[in-house]
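The structure appears below as structure tokens.
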Number of protein chains: 2
Amino acid sequence: MKLNTKSRYAVMALADMAVFSRNNAVSLRDISLRQGISLLYLEQIFLRLKKNNIVKSVRGINGGYILVKSPKELKISDILLALDQKVKTIGCKKDSKKSCNGKSTKCITHNFWDELDIHINSFFENKKLSDLLKNRETRI
Amino acid sequence: MKLNTKSRYAVMALADMAVFSRNNAVSLRDISLRQGISLLYLEQIFLRLKKNNIVKSVRGINGGYILVKSPKELKISDILLALDQKVKTIGCKKDSKKSCNGKSTKCITHNFWDELDIHINSFFENKKLSDLLKNRETRI
DNA sequence: AAAAACTTGACTATTTTAGTCGGGTATATA
DNA sequence: TATATACCCGACTAAAATAGTCAAGTTTTT
């Protein structure tokens, strides 16, 4: 059970922006250098962040990306959602009539996984990007 | 971010045992039929559960498996641990001197992922197998 | 004009997952 | 004591997901 690197890098990159943006756009090149993340990979990630209105872009020289919301308002859940990283612990199909393992009734563990989902997602809902920056021991 | 089927099936199978065991061993064949899980896959899962002392086995005719602890005492975290399913959300290496992305300092998001780990693991620590059986709408 | 930086879809090697397969061994019961 | 049932266990594999890279742009500032 683990978060994928795309999600981790997204949170990392946005935290980097929160720290280094001084009302100016932050280029992916700079984030790449500071955080040690492949530039090409960052491009792919920011494409999705932009589509989901987490960041907006400024093209051309001195361009880069800008956070749409302030770090205080940006929920971690918003970031994960942008990368399709819903916490989906259960394998039981929710959409179809048949619910779990092809049976017509909910499986014995169904409610448990639902609870887990709620537990984890509420964690991400309640965390803001700014929370990551508090008590930072090291400067990136 | 999802739990793998091995873990889900393990919890499911053990919950099944908790319901259907009447002080007798429960065969994998029965669990397989009731829960719709491949018998061969169950064998693989129970091998690990046995190695980790979650269940004990009874061989031969009328054999099967028995829960070592009562459902009230069996923590879900014990089950997941038996299947190597520690919640390991971070990719940052914990063991080496260099911690995150090959850098010598912790990455900006490091503490956040640690918090997440604690949040999720405490959920599994505090849940007992018997908790899954409460308020069950359907009989398997 | 040229350089910096974003845009986008397609592609790919590697790893993980979700199982299956085959050949065992132990034991209760007829 | 034969045999069916059920556990035991390592090895294997097809398919999916992951973690990127690549190519070929477009836009804007200087």
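Proteins get letters first, then strands, A, B, ... in listed order; numbering begins at 1 in each. Because only heavy atoms are used, hydrogens play no part in the values below, and waters and symmetry mates are left out as well, while side chains stay in. Only a predicted model underlies this, so the values are computations on that prediction, with no experimental measurement involved.
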Problem - Proximity to DNA chain D (any heavy atom under 4.0 Å), residues of residues 21-29 of chain A only - result: none

Practice task
Kindly state whether the ring of B:F123 and the ring of A:F112 have centres lying under 6.0 angstrom apart.
Solution key: yes

Report the distance from atom [atom1] of [X] to atom [atom2] of [N], rounded to the nearest whole Å.
{"X": "B:D30", "N": "D:dA6", "atom1": "CG", "atom2": "C1'", "result": "11 Å"}
{"X": "A:L3", "N": "D:dT18", "atom1": "CG", "atom2": "P", "result": "11 Å"}
{"X": "A:I45", "N": "D:dA19", "atom1": "CD1", "atom2": "C1'", "result": "9 Å"}
{"X": "A:L42", "N": "C:dA5", "atom1": "CG", "atom2": "C1'", "result": "13 Å"}
{"X": "A:R8", "N": "D:dT18", "atom1": "CZ", "atom2": "C1'", "result": "12 Å"}
{"X": "B:L47", "N": "C:dT20", "atom1": "CG", "atom2": "C1'", "result": "15 Å"}
{"X": "A:K56", "N": "C:dT7", "atom1": "NZ", "atom2": "C1'", "result": "19 Å"}
{"X": "A:F46", "N": "D:dG20", "atom1": "CZ", "atom2": "C1'", "result": "16 Å"}

Any side-chain to backbone donor/acceptor pair from [X] onto [Y]? Under 3.5 Å, distance only.
{"X": "B:S32", "Y": "B:S38", "value": "no"}
{"X": "A:S21", "Y": "A:A18", "value": "no"}
{"X": "A:D78", "Y": "A:L74", "value": "no"}
{"X": "A:R22", "Y": "A:V19", "value": "yes"}

Think [X] has a side-chain N or O under 4.0 angstrom from the OP1 or OP2 of [N]?
{"X": "A:T5", "N": "D:dA19", "result": "yes"}
{"X": "A:S57", "N": "C:dT7", "result": "yes"}
{"X": "A:Y65", "N": "C:dA5", "result": "no"}
{"X": "A:K6", "N": "D:dA19", "result": "no"}

Practice task
Grab the two heavy atoms, one from A:G63 and one from A:A25, that are nearest each other, plus how far apart they are.
Solution key: C-CB, 3.8 Å

What about [X] and [Y], same hydrophobic cluster or not, with Ile/Leu/Val/Met/Phe/Trp/Tyr joined at side-chain heavy-atom distances under 4.5 Å?
{"X": "A:L14", "Y": "A:L39", "answer": "yes"}
{"X": "A:I61", "Y": "A:I31", "answer": "no"}
{"X": "A:I66", "Y": "A:I45", "answer": "no"}

Fill in the blank from the handout: When B:G63 and B:K51 are each assigned the nearest nucleotide of DNA chain D, the 5'-most assignment goes to B:G63

Completion exercise
B/S/- along nucleotides 22-30 of chain C (protein heavy atoms under 4.0 Å) is --BBBBBS-

Practice task
Can you pull out how bent the helix from C:dA1-D:dT30 to C:dA30-D:dT1 is, comparing the axes over its first five and last five pairs, to 10°?
Solution key: 10°

Fill in the blank from the handout: Out of C:dA18, D:dG20, D:dA11, minimum distance to the side chain of B:N4 belongs to C:dA18

Handout entry: base_contact_polar (C:dT20 base, B:Q44 side chain, donor-acceptor, <3.5 Å)
Key = yes

